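Shown next, in structure tokens, is the structure this report addresses.
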Amino acid sequence: GMGSSGGVAHVQAYGSTSNICTVTSWSHGVDVGINIRCFDPAGDLADTRFVAHFTNRTVAGGSLAYLWAHDATAAGPYQPFYKYAYDSTGVPSQIERTGTGNYILYVNALSALYPSQHNDGHLQVTAYNMEAVHCGMRVIGDENPTPLGVSCHDTDGDPVDSRFTVSYSHGVSHLGTTGTRGTAYIRNSGNNPTSVAGWWT
């Protein structure tokens with residue numbers, strides 16, 4: 001019953017596997033159909049367990065944003081299609097390609113929390129690609145507006161241009177829901193040894 005308009009989809013391979021999964025499209029009708037491809041580390045198609053979700057919600061409280069970065073090789077900054085993007089502040093996101101497979105995003109729902117909470121919240125990125133591509137995401141600057149970096153790689157670890165979907169949430173779940181049935185996340189620091197860098201329930 002969520003197929004009426006917009007939204008974005010995410011997918012992640014599940015379990016003790018090095019396989020990766022991508023979103024290749026989603027369709028709209030009464031319901032939403034999400035098309036997913038999964039690959040082994042060599043880039044060959046592989047049956048894989050996965051977790052996936054879709055949302056096209058708006059929120060009255062908290063901070064929520066999502067977008068589909070539809071142009072992998074744009075010559076300059078651009079705004080995502082408004083039907084596949086939302087920001088609870090009402091300010092459109094901006095996407096800029098800075099090099100092969102590397103992008104900078106400005107998401108106002110995150111920047112609006114500067115300086116006390118702009119490094120908190122739940123960030124998610126999924127490659128939107130027919131090929132075996134993995135994208136990662138992180139906050140790359142302590143400033144306002146706060147830049148988010150997205151980098152995409154093929155199975156050899158080489159940078160590759162790719163479309164992708166992004167979601168950000170703070171004070172609401174990654175689906176834009178509130179109430180007792182919410183979500184929790186823990187983000188590790190990436191250091192060695194690792195430590196908890198942020199959390200929310």
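What you see is a predicted model; the values in this text were computed from it and never measured. We count residues from 1, following the sequence as given. In what follows, every heavy atom counts, from backbone to side chain, and hydrogens, waters and symmetry copies are set aside.
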Same apolar cluster (I L V M F W Y, side chains within < 4.5 Å links), [X]/[Y]:
X	Y	result
V8	V32	yes
W26	V166	no
F81	Y128	yes
F54	V59	yes
M137	I95	yes

Quick check against the 3.5 Å criterion: does [X] have a side-chain atom that pairs as donor or acceptor with the backbone of [Y]?
X	Y	value
R163	A72	no
D40	G43	yes
Y78	D71	yes
D161	G101	yes

(message) Angle between ring planes, W68 versus Y84, binned at 30° and 60°: parallel, tilted or perpendicular?
(response) perpendicular

(request) Please step through side-chain contact (heavy atoms from CB on, under 4.5 Å) for the pair F39 and T155, ending with a clear verdict. (result) CA-CA 9 Å; F39 308 85; T155 54; 5.7 Å; no

Quick one: does [X]'s side chain get under 4.5 Å of [Y]'s, heavy atoms only?
X	Y	answer
S151	H153	yes
H10	S167	yes
D87	P92	no
L45	C38	no
L148	L123	yes
H122	H170	no
T98	Y103	no
L67	T165	no

Mind checking the [atom1]-[atom2] spacing from [X] to [Y]? Nearest 0.5 Å is all I need.
X	Y	atom1	atom2	value
Q94	N108	CD	CG	10.5 Å
T24	E131	OG1	CD	11.0 Å
L105	E96	CG	CD	10.0 Å
T55	L64	OG1	CG	6.5 Å
N102	C152	CG	SG	8.0 Å
R49	Q12	CZ	CD	13.0 Å

(message) Checking side chain to side chain donor-acceptor pair (under 3.5 Å) between S162 and each of D154, T22, N129, which is the one that passes?
(response)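 Exactly one candidate clears the test, N129.
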
(request) Could you tell me if the ring centre of Y66 sits under 6.0 Å from that of H174? (result) no

Minimum heavy-atom separation for [X] and [Y], please, with both atom names.
X	Y	value
V107	A65	CG1-CB, 3.4 Å
C135	V150	CB-CG1, 4.3 Å
V172	G62	CG1-CA, 4.0 Å
N19	A46	ND2-CB, 3.9 Å
P80	S93	CD-O, 3.4 Å

(request) Report the C-alpha separation of I34 and V11 in whole Å, then their side-chain angles, then the decisive distance to 0.1 Å, and conclude whether the side-chain contact (heavy atoms from CB on, under 4.5 Å) test is met. (result) CA-CA 9 Å; I34 304 171; V11 65; over 6 Å; no

(message) Could you tell me if S25 and N35 have a donor-acceptor pair between their side chains, going purely by distance under 3.5 Å?
(response) yes

(message) Is it the case that the side chains of Q124 and H53 hold a donor-acceptor pair, with the cut-off being a distance below 3.5 Å and no angle test?
(response)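 Side chains of H53 and Q124: pair found under 3.5 Å.
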
(message) I'd like to know whether F50 forms a side-chain contact (heavy atoms from CB on, under 4.5 Å) with I36, so could you lay out the CA-CA distance, the side-chain angles of the two residues, the decisive distance to 0.1 Å, and finally the verdict.
(response) CA-CA 10 Å; F50 60 85; I36 292 167; 3.6 Å; yes

(message) Are there over 12 heavy-atom neighbours, none belonging to E143, within less than 6.0 Å of that residue's CD?
(response)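 Buried by this count: over 12 neighbours within 6.0 Å.
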
(request) Mark yes when over 12 heavy atoms from residues, nucleotides or ligands other than D158 sit less than 6.0 Å from its CG; otherwise mark no. (result) yes

(request) Take T48 and C21, measure what side-chain contact (heavy atoms from CB on, under 4.5 Å) needs, and give me the verdict at the end. (result) CA-CA 8 Å; T48 306; C21 297; 4.2 Å; yes

